[in-house]
There are 2 protein chains.
Amino acid sequence: MKDKLLLLGVLKQSEMHGYQLYDFIEQNLASCTTLKKPSAYFLLSKMEQEGLVQVVEQRIGNRPPRKVYRLTQAGERLFQQLLQENLSQFTPTVFPGDIGIAFLDQIPIEQGVRLLRKRLQKMQVHLAHLETIPPHRGSASLLIKHQIQHLHNEIQWLREVIADLQEAGNLPQAQKDNEFSHQDSSSN
Amino acid sequence: MKDKLLLLGVLKQSEMHGYQLYDFIEQNLASCTTLKKPSAYFLLSKMEQEGLVQVVEQRIGNRPPRKVYRLTQAGERLFQQLLQENLSQFTPTVFPGDIGIAFLDQIPIEQGVRLLRKRLQKMQVHLAHLETIPPHRGSASLLIKHQIQHLHNEIQWLREVIADLQEAGNLPQAQKDNEFSHQDSSSN
DNA sequence: TTCTGAATAGTCAAGATTGAATATTCGAAA
DNA sequence: TTTCGAATATTCAATCTTGACTATTCAGAA
């Protein structure tokens, strides 16, 4: 349903044809979704059947006709509804990268440290890239700020994981397959 | 591919039948994936065809026979490979909740604030829940710490968004459809 | 013993997603 | 003016996902 909201929202701002729409999303909203081209077309034709968008064949110059999508009133209404749901709901973030973390104890510690450092470096490169993006106007700047803040946090967390791992590696005993059952004795 | 790694990893620790596997993932690894039951079964039978797991019909008491999955050597090898890839790669986090943020300027500010406060509250409830989970041993504790730290960060970010929004609402002029084109005059 | 609900174990058809391919136009170099 | 690569616009077959359902067993209540 979330990609439907996305398409409706973009179309609300201005009517577009499929490719343009997909391109806009890829450029500006990649941090919200991973919608691929064929999925966008699939959703658009479904939304046409549902009467949410209206399709007009448009011909510019002697280019082949393109299907231009425009929001209908039903589409507007659904947009408002989905927007309100999206804003008020919360869905816990899923981290596929944590799968590897969960199985860290299946490889030698030094190898784990080496691989995670590689990951860390990629994160730093990505952060540097994000920080070069000039501030947009409007809500787009919020999205970028979000990504940057989040990435800072992720980098910090990963550094901690690596440090824990190394610490466990330096204790010279009792590590065959439960390498880091560290548990700081603070708190409680 | 990531769910394959997940299944291989769990099966490496101990052989299991489908339901047990799915249940274990749901209980312990929900923060890494959203794999559903039928997908788990689908993947398992595919992995059987690929020779990554070996299936044995097992009969306990007079229960109906169950298919018990065990890792093959090829499965072990693929696990090691996928694990190394997962640990060394980095994939930017996607935030479906940011779709709504991107369209915040399509609704009145007070409504936006109200809806986001609802979201904020759900996040706080979820955080409180995470913090009641007793510390596991081993890498699982890393995953929980990750979720908690991340959620703290998300809450802080959302508070900032709400504050920005309210601030924009208090400027009494020039807001019809570009409600918060705030842009701190610093930097540049 | 019969019933009921919970837990266990799995399946299926319908729908969604995607890598890869197709088809056209444009611009510019050869 | 032919050709080649890039940009535009879309489609398709194959694969993957999922809500909803089925079927069995078990434990305890009636």
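Given the structure is predicted, the values throughout are model-derived calculations rather than measurements. Convention: sequence-line order gives letters A, B, ...; per-chain numbering from 1.
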Check this for me: B/Q121, atom CD, are more than 12 non-hydrogen atoms of other residues, nucleotides or ligands nearer than 6.0 Å?
no

Contacts of B/F79 meeting ring pair (Phe, Tyr, Trp, His ring centres under 6.0 Å) (sequence neighbours excluded), chain-then-number -> A/F103

Sequence neighbours excluded, the answer for side chain to side chain contact (heavy atoms under 4.5 Å, CB included) partners of B/E50 is B/K4, B/K46, B/M47, B/L52

For B/Q49 and D/dT15, give me the distance from atom CD to atom P, rounded to whole Å.
10 Å

Could you note down all residue pairs passing salt bridge (Lys or Arg N to Asp or Glu O under 4.0 Å) where residues 13-22 of chain B supplies at least one of them, sequence neighbours left out?
B/E15-B/R70

Can you give me the N/O atom pairs linking the protein to nucleotides 15-18 of chain C at distances under 3.5 Å, or say none if there are none?
residue: C/dA16; atom: OP1; partner: A/K46; partner atom: NZ; Å: 3.2
residue: C/dT18; atom: OP2; partner: A/S39; partner atom: OG; Å: 3.2

Nearest-angstrom distance from the residue atom CE of B/M47 to C1' of D/dC16
15 Å

At less than 4.0 Å, is any side-chain N or O atom of A/Y41 found next to OP1 or OP2 of D/dT11? Yes or no.
no

Ignoring hydrogens and angles, write down the donor-acceptor pairs under 3.5 Å from the side chains of residues 29-37 of chain B, residues two or more places apart or on other chains.
residue: B/T33; atom: OG1; partner: B/D3; partner atom: OD1; Å: 2.6
residue: B/T33; atom: OG1; partner: B/L35; partner atom: N; Å: 3.2
residue: B/K36; atom: NZ; partner: B/T34; partner atom: O; Å: 3.0

Which residues in residues 6-20 of chain A have a heavy atom closer than 4.0 Å to any atom of DNA chain D?
A/H17, A/G18, A/Y19

What residues join B/Y41 in its hydrophobic cluster, counting side-chain heavy atom gaps under 4.5 Å, either direct or through other members?
B/Y19

Rounded interatomic separation in angstrom, taking CZ from B/R66 and C1' from D/dC26
14 Å

The correct set of residues in residues 22-33 of chain B placing a heavy atom under 4.0 Å from DNA chain D is none

Contact list for residues 95-104 of chain A, test side chain to side chain donor-acceptor pair (under 3.5 Å), sequence neighbours left out
A/D98-B/H146

For A/E26, check side chain to side chain donor-acceptor pair (under 3.5 Å) against everything at least two apart and list the hits.
A/Y22

In short, ring pair (Phe, Tyr, Trp, His ring centres under 6.0 Å) pairs touching residues 109-135 of chain A with sequence neighbours left out are A/H126-B/F90

Among pairs that include at least one residue of residues 71-81 of chain A, which meet side chain to side chain donor-acceptor pair (under 3.5 Å), considering only residues two or more places apart or in two chains?
A/K12-A/E76, A/Q81-A/E85

